[in-house]
Structure formats: C-alpha cells, structure tokens
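A quick write-up on the structure given underneath.
Naming convention: chains lettered A, B, ... in sequence-line order (proteins, then strands); numbering from 1 in each chain.
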Amino acid sequence: MPELPEVEHTRRRLERWLRGARIEHAKSRDARIVRPVSTRAFARQLTGAKIGRVERRGKWIRIDAGTHRLFVHLGMTGWFESPPLDAEPLPFERVTFVLARGRKRVRVSYVDPRRWGRLVLAREDLEAWTALGPDPLSDGIDLDVLQRRLARSNKRSIKEALLDQSVLAGVGNIQAIEALWKAGIDPRSHASALEARDLLALVRALHWTIERTLADLAKGDEGADNPFRVYGRKGEPCPRCATPFTRIELGGRTTTFCPGCQVRRVRAQT
DNA sequence: ATTATTGTTGGTAG
DNA sequence: TCTACCAACAATAA
C-alpha cells in the first residue's frame, strides 16, 4: 500500500470514520503492532477517548485521542477498513475499534498481513514524527534547505537520498522512481551534485507524481494493474524518448529508469 | 521451488 | 557520533 499518496488517502478515510467519535472498544492481540504498551493497556487507555484531528506527516498518521496520541505507520502492507459491526474478523485483522458518534456506531479495522505496521500510543510526539523532513505535499519545500540536506553525504545517490525520511517525508521507492523520471534525472546521480534547477524540477516532479497517484486513489478501486509510468516497466519504451527502461539496484531497492533521457550528474572526484 | 515486493530497524563495522 | 551496509521482519504473487 503505502507511500505518501496512499497514506494521505488513508488519512482522509480515517478522518471521515473517526473524527468527533468516541472509542467504545479498542481490541488487539498483536503486541508486535500495538506499541509500546501491552494490548491490554492499549485498550484501556483508548476506551472512552474522543477523537479529534487526524493528521499526516510523510508516511505517519497522528490521531488525536484526548489525553493520548495514536501514531500509525502502515509498514508495507497495512490498511484500514470499516466493515459492518457484526461481520466476521477479516483475514489478518490485527486491531479493531468500535466507535460511537451520536447514535451511530462504526467499526474500524486495521489489517496487515505482514505485520510490519505499527500503532503507537503516546502522550507526546514520537521522535519518528518530529525528525521527519518537510512533507512535499503539505509543506513548502525550501530549495536551499533541501540542497543542504542532500549534501550531507558526498557520494550518496539522489535516489537513496529521496528515500531518507529526514530529507523529505513520505517519498518511497515508487514515487522516487516516478519523480526522477519526470525530472529527467538519473537516479545514480550524486545527491550533492544536483544543481538548483535540478532540485526545482525534482520538487515539481514529486508534486506531479503524488497528485497523480492521489487522483487515481480518489477515483476508487480497480485502476489499471500498473498505473505508473516507469515503476515495474523494465524493457518497455520510455514514453518520452522510446529508449527501453533499465532496471538496477540502488541502496538495496529496485530502481527503474530511462538511460536515454535521465541525465546523470556526478560529483567530481578529488 | 525461486524470486520479488509500495518500509523501517537494529546490529555491526568503519 | 556519524555513515554505510545488510539481514530481519511475513505473506503473497509471478
């Protein structure tokens, strides 16, 4: 599921289901997902809480629950659904909330086959939340600040730097691949070698791919099997220059790009 | 059977 | 303290 656009989509749905509601029950048996308290303490501390704002930074969601804040990260395969109250437990349903708003009751279920996601209950903001870089969808990006953060390491590739959540929050493998293609930048380029106009193009490209993915999600279910321009399209012709897309590995992640029209910028060796 | 997958994190080595 | 690298987490699909 989740990079910035999927998480933002999730936030919007959660806000619809949760905002202004009161938690009647919160149930989980999964101490891997529910943290840092026991599942029992998790249920006890959330019961009765009234839900306020549902916010997002990068891939994290923060839910205001009265005295506590619930931080949600979807990992690789987490998502929320709102099944009927009396429906059977869903496959891989890890956490279940029952909420009341006026006379209406709603069930909100966290589902996560691989269990890499987390629901963290805290009274203060988590370091994982405060240490995030600016969010390219909701924050303005200061190009000078971005350039400084990218230059933190001399040899790191721009692709790896984009996945660093302290540089920009919410960019994942797919969005990075799509944006680098749109900006015409080779993912192997040194992050510290990009010029101001590259960064401007990159920030615009991020906006482009994030808004596009968000629009696809808002359209509802079943889009094309692969709605992306570059990701997962090794061997297919680049829409811009017809050179076949190449696939390499960078920082342990699969990276697809066009060797024909994505320009490689390298820092001079000294 | 084998390989790949939208993401962190914790260990180790430098 | 910092960066870099990598295995681990777990389930499914091709």
| task | Map every base of DNA chain C to its dot-bracket character, where paired means a Watson-Crick or G-U wobble contact with both distances under 3.5 Å and | marks a partner outside the strand. | result | .||||||||.||||

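DNA chain B is contacted by no residue of residues 203-214 of chain A, taking any non-hydrogen atom closer than 4.0 Å. Listed by residue number, the members of residues 148-162 of chain A with any heavy atom below 4.0 angstrom from DNA chain B form an empty set.
Among residue pairs with one or both ends in residues 35-55 of chain A, those qualifying as salt bridge (charged side-chain N to carboxylate O under 4.0 Å, His left out) are A/Arg53-A/Glu55, A/Glu55-A/Arg62; sequence neighbours excluded.
In this structure a side-chain-to-backbone donor-acceptor pair under 3.5 Å is missing from A/His190 to A/Ser192.
With sequence neighbours left out, A/Arg233 forms a side-chain hydrogen bond (donor to acceptor under 3.5 Å, both in side chains) with A/Glu236. By the side-chain contact (heavy atoms from CB on, under 4.5 Å) test, A/Ser138 pairs with A/Arg56, A/Asp135, sequence neighbours left out. With sequence neighbours excluded, the residues satisfying side-chain hydrogen bond (donor to acceptor under 3.5 Å, both in side chains) with A/Arg115 are A/Asp30. Residues forming a side-chain contact (heavy atoms from CB on, under 4.5 Å) with A/Ala100 (at least two apart in sequence, or on another chain): A/Glu24, A/Arg105. By the side-chain contact (heavy atoms from CB on, under 4.5 Å) test, A/Arg103 pairs with no residue at all, sequence neighbours left out.
Ring geometry for A/Tyr110 versus A/Phe80: interplanar angle of 30 to 60°, hence tilted.
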Just list the side-chain donor-acceptor pairs under 3.5 Å for residues 245-259 of chain A, sequence neighbours left out, or say none.
{"residue": "A/Thr255", "atom": "OG1", "partner": "A/Lys159", "partner atom": "NZ", "Å": "2.7"}
{"residue": "A/Thr255", "atom": "OG1", "partner": "A/Arg253", "partner atom": "O", "Å": "3.1"}

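Put simply, chain A comes within 4.0 Å of DNA chain C, heavy atom to any atom, from C/dA4 to C/dT12, going 5' to 3'.
The 12-atom threshold is exceeded at CZ of A/Arg240, counting heavy atoms of other residues, nucleotides or ligands nearer than 6.0 Å.
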| query | What does nucleotides 7-14 of chain B look like as a protein-contact string, B for base, S for sugar-phosphate only, - for none, at under 4.0 angstrom between heavy atoms? | reply | BSS-----

